[in-house]
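Quick notes on the structure that follows.
Just so you know, these numbers come straight off a predicted model, no measurement behind them. Here is how names work: the chains are called A, B, and so on, in the same order as the sequence lines, proteins then strands, and each is numbered from 1.
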2 protein chains.
Amino acid sequence: MTTTESGSGLETLTRPDAERARELVAAGIERGALVTVVGRCTVTYDGRAASSLGAGERHVMLKPDGAALVHTDEGQQPVNWQPPDCDHEATVADGRLVVESHRETPEEHLTVRFESVVHAAAYPLTDEEDLSLAGTEADLRERILDEPALVEAGFEPLATERSTPAGAVDVFGEDADGRTVVVELKRRRVGPDAVGQLGRYVDALERELHAETDVRGILVAPSVTDRARRLLAERGLEFVAVEPTRE
Amino acid sequence: MTTTESGSGLETLTRPDAERARELVAAGIERGALVTVVGRCTVTYDGRAASSLGAGERHVMLKPDGAALVHTDEGQQPVNWQPPDCDHEATVADGRLVVESHRETPEEHLTVRFESVVHAAAYPLTDEEDLSLAGTEADLRERILDEPALVEAGFEPLATERSTPAGAVDVFGEDADGRTVVVELKRRRVGPDAVGQLGRYVDALERELHAETDVRGILVAPSVTDRARRLLAERGLEFVAVEPTRE
DNA sequence: TTCTTCATCTCGAAA
DNA sequence: TTTCGAGGTGAAGAA
């Protein structure tokens with residue numbers, strides 16, 4: 001069995017020769033299909049870094065938006081890839097299928113050389129739907145704005161994404177005594193990096209608001225690591241535990 | 001055409017009914033194959049966050065290591081996924097194929113409900129090869145150790161990954177005047193986060209080495225953003241431009 | 001474009 | 001197991 005074809009645009013080939021496979025891949029790309037090729041191959045990448053991968057059996061996916069993914073039998077991440085907006089090309093060299101993907105800015109090139117093709121397919125996919133996701137940092141921000149007391153009794157949010165010379169502050173407001181408060185939100189347990197981020201915002205605002213006002217910095221997250229807690233104390237910053245919603 | 005089978009363990013089905021598809025998926029998982037199912041489906045996820053995705057055509061991959069990926073026709077990243085070490089399960093409910101993937105710690109559950117299956121396949125992949133990658137931060141470190149003058153004339157590396165209360169320093173050494181030097185390496189253009197990281201190492205070492213020694217902090221990277229450069233200046237830290245090798 | 005930060009980040013190493 | 005930082009991080013939003 002070497003060829004299968006169905007009514008609705010799906011094309012598949014089982015153990016095709018290189019030329020047949022090349023035709024399917026080239027036609028699939030041309031038609032805007034999602035193309036997959038499974039087989040024994042070597043992979044080389046040159047661009048932001050450089051990599052090479054000896055012969056093994058892998059699953060190669062070429063998307064109509066120009067993305068390319070090479071997956072082994074392990075791992076959530078592809079072993080090699082190209083981002084969207086690359087140009088894909090299928091050729092035959094020395095009787096073998098070669099799939100290449102290229103882009104400029106930055107210059108990057110991925111080459112997959114097949115020793116054998118087990119299966120190739122072109123799937124004409126359409127997907128209109130957008131993912132609806134809950135439990136993000138943006139959701140946590142909405143929750144804080146709805147219920148500012150989660151941060152502290154008397155806390156009054158005045159702005160979100162307020163810009164400072166150090167970047168945009170998640171939530172900017174005042175405490176019950178009228179002191180300026182900077183809130184940095186994290187949807188999960190925080191390490192030293194988040195403390196540094198909050199510290200930069202506090203420093204920037206103290207400079208911007210000129211001296212005598214001292215600015216409070218509050219990190220809001222489910223929890224904090226020991227090292228981060230120590231850093232918070234050193235810099236006179238505060239922590240408030242709030243779980244994200246996830247509903 | 002509804003079924004294809006080849007000698008070497010590959011199994012494919014074109015437009016199978018739900019029960020046929022379930023059998024292929026279940027058998028493929030059992031055999032340790034990489035399983036793909038392409039068709040119109042809805043996807044829900046609940047775990048670290050929660051998401052739902054209306055009906056559309058997608059490519060679902062189940063890996064033998066327990067990873068699951070749902071890809072649309074766009075983007076390098078899957079629209080939904082599960083990490084390795086999840087348990088996959090295929091069932092038929094209301095005459096439809098349902099693929100589920102679950103893990104505990106943390107509790108996470110992914111459900112893919114198919115309205116129709118265009119194609120299903122089980123690929124018995126083997127891959128012994130490891131990726132060889134050049135142009136990483138580790139390569140940059142070797143380069144600096146080979147040629148310390150890239151950092152500064154007279155710089156002498158004394159240790160790599162030297163541990164401090166703030167974490168491990170990339171390269172630890174002395175300058176021509178015997179002053180302690182902390183080098184933080186980055187393979188690409190750096191922003192404010194890297195300055196914070198370097199600053200924490202410098203602070204930790206000044207504390208550890210007690211007072212009178214002042215510690216120099218040098219950020220080594222291809223380039224810096226303006227804001228990061230300003231932060232470096234504020235904290236008395238330095239920058240040296242070095243390109244990663246990529247050979 | 002560049003910059004900045006979030007991410008169901010993933011992944012690996014070390015404590 | 002948790003913590004920490006690298007990553008060819010990718011992706012989104014703003015300047």
Side-chain angles (χ1 to χ4, degrees), chain A residues 45-51 67 69 74-84 103 105-110 131 133-141 161 163-164 166-170 184-194 196-197 200-201 223-228 244 246, chain B residues 44-51 67-70 74-84 86 103 105-110 131 133-141 161 163-164 166-170 184-194 196-197 200-201 223-228 244 246:
Chain A
Y45 161 77
D46 194 58
R48 287 173 290 173
S51 76
L69 302 167
E74 291 186 331
Q76 174 177 338
Q77 297 301 126
V79 65
N80 278 110
W81 69 93
Q82 288 282 81
R103 72 161 172 173
T105 65
E107 183 68 28
E108 290 188 292
H109 196 93
L110 181 72
L131 184 74
L133 180 63
T136 63
E137 186 180 299
D139 291 311
L140 179 55
R141 183 176 64 229
E161 304 294 331
S163 97
T164 76
V169 168
D170 283 341
E184 175 63 26
L185 304 172
K186 294 294 172 191
R187 67 174 304 283
R188 63 174 198 172
R189 186 169 174 86
V190 290
D193 52 340
Q197 202 181 331
R200 291 199 300 276
Y201 299 151
S223 59
V224 65
T225 66
D226 279 356
R227 199 174 281 173
R246 201 165 35 83
Chain B
T44 61
Y45 160 78
D46 194 56
R48 287 172 288 175
S51 76
L69 302 167
V70 182
E74 291 185 331
Q76 174 179 338
Q77 297 303 126
V79 65
N80 279 111
W81 70 92
Q82 288 282 82
C86 293
R103 73 161 172 171
T105 66
E107 182 70 28
E108 289 188 292
H109 196 94
L110 181 72
L131 184 73
L133 180 63
T136 63
E137 187 182 298
D139 291 311
L140 180 55
R141 184 177 62 231
E161 302 296 331
S163 96
T164 75
V169 167
D170 284 341
E184 175 63 26
L185 305 172
K186 294 293 171 191
R187 69 171 304 282
R188 61 175 195 174
R189 187 170 173 86
V190 290
D193 52 340
Q197 200 181 332
R200 291 198 300 277
Y201 298 151
S223 58
V224 220
T225 66
D226 278 356
R227 198 173 280 173
R246 199 167 37 82

Looking at side-chain heavy atoms only, is the closest gap between [X] and [Y] below 4.5 Å?
X        : Y        : answer
A/Lys186 : A/Gln197 : yes
B/Asn80  : A/Leu131 : yes
B/Glu161 : B/Asp170 : yes

Open item on the list: One thing to verify: whether B/Arg187 and B/Glu137 come together as a salt bridge, which I'm taking to mean a side-chain N less than 4.0 angstrom from a carboxylate O.
Closed with: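 Not counted as a salt bridge, because no side-chain N and carboxylate O are separated by less than 4.0 Å.
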TODO: For C/dC6 versus C/dT10, give the span between their C1' atoms, rounded off to a whole number of Å.
DONE: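 Taking atom C1' in both C/dC6 and C/dT10, they lie 14 Å apart.
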Task: Distance, P atom - from D/dC4 to D/dG8, rounded to whole angstrom - done: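 After rounding to an integer number of Å, I get 22 Å for this pair.
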Task: Closest contact, heavy atoms only, B/Ala228 versus B/Val190 - done: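 Nearest pair, atom of B/Ala228 first, then B/Val190: CB-O, 3.9 Å.
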Open item on the list: For nucleotides 5-15 of chain D, give me one character per nucleotide, 5' to 3': B if any protein heavy atom sits under 4.0 Å from the base, S if the only such contacts are to the sugar-phosphate, - if neither.
Closed with: SSSBBSS----
TODO: To the nearest 0.5 angstrom, please state how far the CG atom of B/Asp193 sits from the CZ atom of A/Arg200.
DONE: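 Answer rounded to 0.5 Å: 7.0 Å.
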Open item on the list: Within this structure, what is the CG-CG distance for the pair A/Leu185 and A/Asp139, rounded to the nearest 0.5 Å?
Closed with: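 Between atom CG of A/Leu185 and atom CG of A/Asp139 there are 11.0 Å.
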Open item on the list: Donor-acceptor check, side chain of A/Arg48 to backbone of A/Glu108, threshold 3.5 angstrom: yes or no?
Closed with: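 Side chain of A/Arg48 to backbone of A/Glu108: no pair is present.
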Open item on the list: Need two values: the first and the last nucleotide of DNA chain C, 5' to 3', having an atom under 4.0 Å from any heavy-atom of chain B.
Closed with: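 Here the contact window of chain B covers C/dC3 to C/dC11.
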